[in-house]
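Inspection log for the structure reproduced underneath, given as structure tokens.
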Amino acid sequence: ARMLSAQQIQARLNDRFRLLTGGSRTAMPRQQTLRAAIDWSFDLLSAPERALLRRLSVFAGGCTLAAAEAVASSAEIDVADVLELLSHLVNKSLVGSREGEETARYQLLESVRQYAVEKLVEAGELDALRDRHLDHFLRLVEDAEPLLYGAGQLAALKAIETESDNVRAAMEWAASAHRTHPGLRLASRLGRYWSIRSEYSEGVFWLRRMMAAPNSLAYPGEYSWALYFVGFMAWFRGDRSTMHQALNQGIEMAQACGNRRCEAYALEFLGLFALGDGDFTLADQRFEDSQLIMREIDDRWGVAFTLWHMGVSRNERHEHEHALQLWEQALAIYRTASDSFRVGVLLRVIGLERMRSGDADGGLDMLRQALRFAVERRAKFEIANALWAFGEAAEHDMQGNAAQPLLFAALGVYDTIGSLRTTGPQLLELHRASLWFERHKEQVEAAFAEGRIPDIDEAIELAMAFRPKLTQPAAPA
């Protein structure tokens, strides 16, 4: 169904103002006074000030000056006048202002915001302003998304996180009002952000909602990426059926519309699916086919992605030296790209392998760097992987008392993001964590129930403080 009409929205506004009109016999005197006070303040505003106030109501969680200029300016409000008008509204206590890390943010009090929504409906501007709001935050995400693969990663993560309420509001409008193409573009561009932050449930929810919108199949480029990210995130939630179906559909659609990059990534992740089933021949073939496309389209980041998973394949077959060679190649590419998130992933797997081989100091230094990168990016799945790697390192070093809280903390994070209690095959740390959890399930469940799982901050401190006592290499697996 389409978004509520302007009349329905006005009729359904929050009780804060719905019963505050003069004709209401049930409104409390205090509420009537609040309404009258805002009415009086609004009536004293100039026409441009009134227009800006009502238009600011489309923002969720506030906005920056740049966002207000982009969304609220018009023939009635020149973009050059927005700052001065905002200052007037702040001085009149109708708009709040607070300093952010880099720029000021402006926000309406909830009472004023709901009043302003009424005025926006009355002015017949609601749909147009929500469209402009959607367009602005689509541009913000599209500008940030490429930076998630390189040097601007932290800034891009912060930019999207800061505007997360506005981004969700934009997607809600796109889905409800059948703005299918911009909604699908927005959700598919957020796939990398959700993946880094381990927001798998939210990501799949919005991607599926946009894919279900009318006429969504008319945009196969975006739709194929949506399928890829649904499949990608399904892996981390243990939903192998969805993963397999979505990735195969994504490949088919990507091939049909010529989206070779999406085809390569979906093919690559199907290789991981085969690897989870123990079909090394099929996995290697898919990784090689994917890498061939990556090289043809000159996607160096994608080449590194295939090298990383080729290394996983070799590691699963206990070909550790070959795995290390592939991982080192991938690490070099990610360092060149300045993708510190992926650098951290490779440092983790290489560091643990070095630790097992007897290079305790070098391996642990890599693990510390990996954990630091994951924490900086609030990458929950990778934080769990790093904590688990530290726990394994402590076990290998015969420090059981140091290992247990790290392993328990990792299990807690895996459980929080829905990656622990799964039935499908997994790889590397998560595979070992799932096996360990099943062996110690009663003990771990009791620790969960009694609140004896260290919180993330405590576990990170324990990991960073861990020091090896032994340096001999592990026995061959």
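No experiment lies behind these values; they were computed from the predicted model shown.
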Original post:
Any salt bridge between Glu163 and Arg139, counting N to O under 4.0 Å?
Top reply: no
**OP:** Using atom types as modelled and distance alone, determine if a side-chain donor or acceptor of Asp397 lies under 3.5 Å from a backbone N or O of Lys469.
**Re:** yes
Original post:
Is there side-chain contact between Trp173 and Val58, with heavy atoms separated by less than 4.5 Å?
Top reply: no
**OP:** Step through the shown structure and confirm whether more than 12 heavy atoms of other residues, nucleotides or ligands are within 6.0 Å of CD on Glu450.
**Re:** yes
Original post:
Is Arg261 close enough and on-axis enough to Tyr149, meaning under 6.0 Å and within 45°, for cation-pi?
Top reply: yes
**OP:** Any chance you could measure Leu367, atom CG, to Glu392, atom CD, to the nearest 0.5 Å?
**Re:** 10.0 Å
Original post:
So does Arg192 pair up with Asp339, basic N to acidic O under 4.0 Å?
Top reply: yes
**OP:** Just say parallel, tilted or perpendicular for the rings of Phe229 and Phe232, cut-offs at 30° and 60°.
**Re:** perpendicular
Original post:
Parallel, tilted or perpendicular: which describes the rings of His133 and Phe137, with under 30° parallel and over 60° perpendicular?
Top reply: tilted
Original post:
Taking the six-membered ring for Trp, are Tyr265 and Phe305 parallel (under 30°), tilted (30 to 60°) or perpendicular (over 60°)?
Top reply: tilted
Original post:
Would you say Asp455's side chain and Asp457's backbone share a donor-acceptor pair under 3.5 angstrom?
Top reply: yes
Subject >> Tyr334: which of Trp301, Trp308, Phe341 passes ring pair (Phe, Tyr, Trp, His ring centres under 6.0 Å) >> reply: Trp301
Subject >> Salt-bridge present (Glu321, Arg314; N to O < 4.0 Å) >> reply: no
Subject >> Side-chain (Ser198) to main-chain (Phe381) donor-acceptor, under 3.5 angstrom >> reply: yes
Original post:
Between Arg377 and Phe373, is there a donor-acceptor pair closer than 3.5 Å when you use the side chain of the first and the backbone of the second?
Top reply: yes
Original post:
Is it true that a side-chain atom of Ser338 and a backbone atom of Gly150 form a donor plus acceptor pair closer than 3.5 Å?
Top reply: no
Original post:
Do the ring planes of Trp436 and Trp388 sit parallel (below 30°), tilted (30 to 60°) or perpendicular (above 60°)?
Top reply: perpendicular
Original post:
Between atom CG of Leu56 and atom CD of Gln107, what is the distance when rounded to the nearest 0.5 Å?
Top reply: 11.0 Å
Subject >> Side-chain (Asp365) to main-chain (Asp361) donor-acceptor, under 3.5 angstrom >> reply: no
**OP:** Report the C-alpha separation of Arg168 and Asp165 in whole Å, then their side-chain angles, then the decisive distance to 0.1 Å, and conclude whether the salt bridge (Lys or Arg N to Asp or Glu O under 4.0 Å) test is met.
**Re:** CA-CA 5 Å; Arg168 292 187 187 103; Asp165 288 340; 3.5 Å; yes
**OP:** Please examine the side chains of Arg368 and Phe390, heavy atoms only from C-beta on, and report whether any two atoms are closer than 4.5 Å.
**Re:** yes
Original post:
Distance from Thr306 atom OG1 to Glu268 atom CD, nearest 0.5 Å?
Top reply: 6.5 Å
**OP:** Check step by step if side chain to side chain donor-acceptor pair (under 3.5 Å) holds for Gln114 and Glu110.
**Re:** CA-CA 6 Å; Gln114 292 184 16; Glu110 186 59 22; 2.8 Å; yes
**OP:** For the pair Gln399 (side chain) and Arg467 (backbone), establish whether a donor and an acceptor sit closer than 3.5 Å, ignoring hydrogens and angles.
**Re:** yes
**OP:** Output the distance between atom CZ (Arg197) and atom CD (Glu202), rounded to the nearest 0.5 Å.
**Re:** 11.5 Å
**OP:** May I ask you to decide if Ala218's main-chain N or O and Asn215's side chain share a donor-acceptor pair within less than 3.5 Å?
**Re:** no
Subject >> Residue pair Leu184 / Met211, side-chain heavy-atom distance below 4.5 Å >> reply: yes
Original post:
Looking at Ser224 and Asn259, what are the two nearest heavy atoms and their distance?
Top reply: OG-ND2, 3.1 Å
Subject >> Pair Arg286 + Asp289, salt bridge at N-O below 4.0 Å >> reply: no
Subject >> Test item: Gln329 and Val303 side chains (from C-beta on) under 4.5 Å apart, heavy atoms >> reply: no
Original post:
Do Phe280 and Leu275 come within less than 4.5 Å of each other through their side chains, counting heavy atoms only?
Top reply: yes
Original post:
Going from CZ on Phe287 to CG on Leu326, what distance comes out if it is rounded to the nearest 0.5 angstrom?
Top reply: 11.0 Å
Original post:
Would you say Ser419's side chain and Phe236's backbone share a donor-acceptor pair under 3.5 angstrom?
Top reply: yes
**OP:** Please report the C-alpha distance between Val71 and Arg55 in whole Å, then the side-chain angles of each, then the deciding distance to 0.1 Å, and finally whether the side chain to side chain contact (heavy atoms under 4.5 Å, CB included) criterion is met.
**Re:** CA-CA 8 Å; Val71 175; Arg55 292 172 187 177; over 6 Å; no
Original post:
Do the side chain of Thr416 and the main chain of Gly412 share a donor and acceptor less than 3.5 angstrom apart?
Top reply: yes
**OP:** Mind checking the CG-CG spacing from Leu186 to Leu207? Nearest 0.5 Å is all I need.
**Re:** 10.0 Å
Subject >> pair Glu438-Ser434: side-chain heavy atoms closer than 4.5 Å >> reply: no
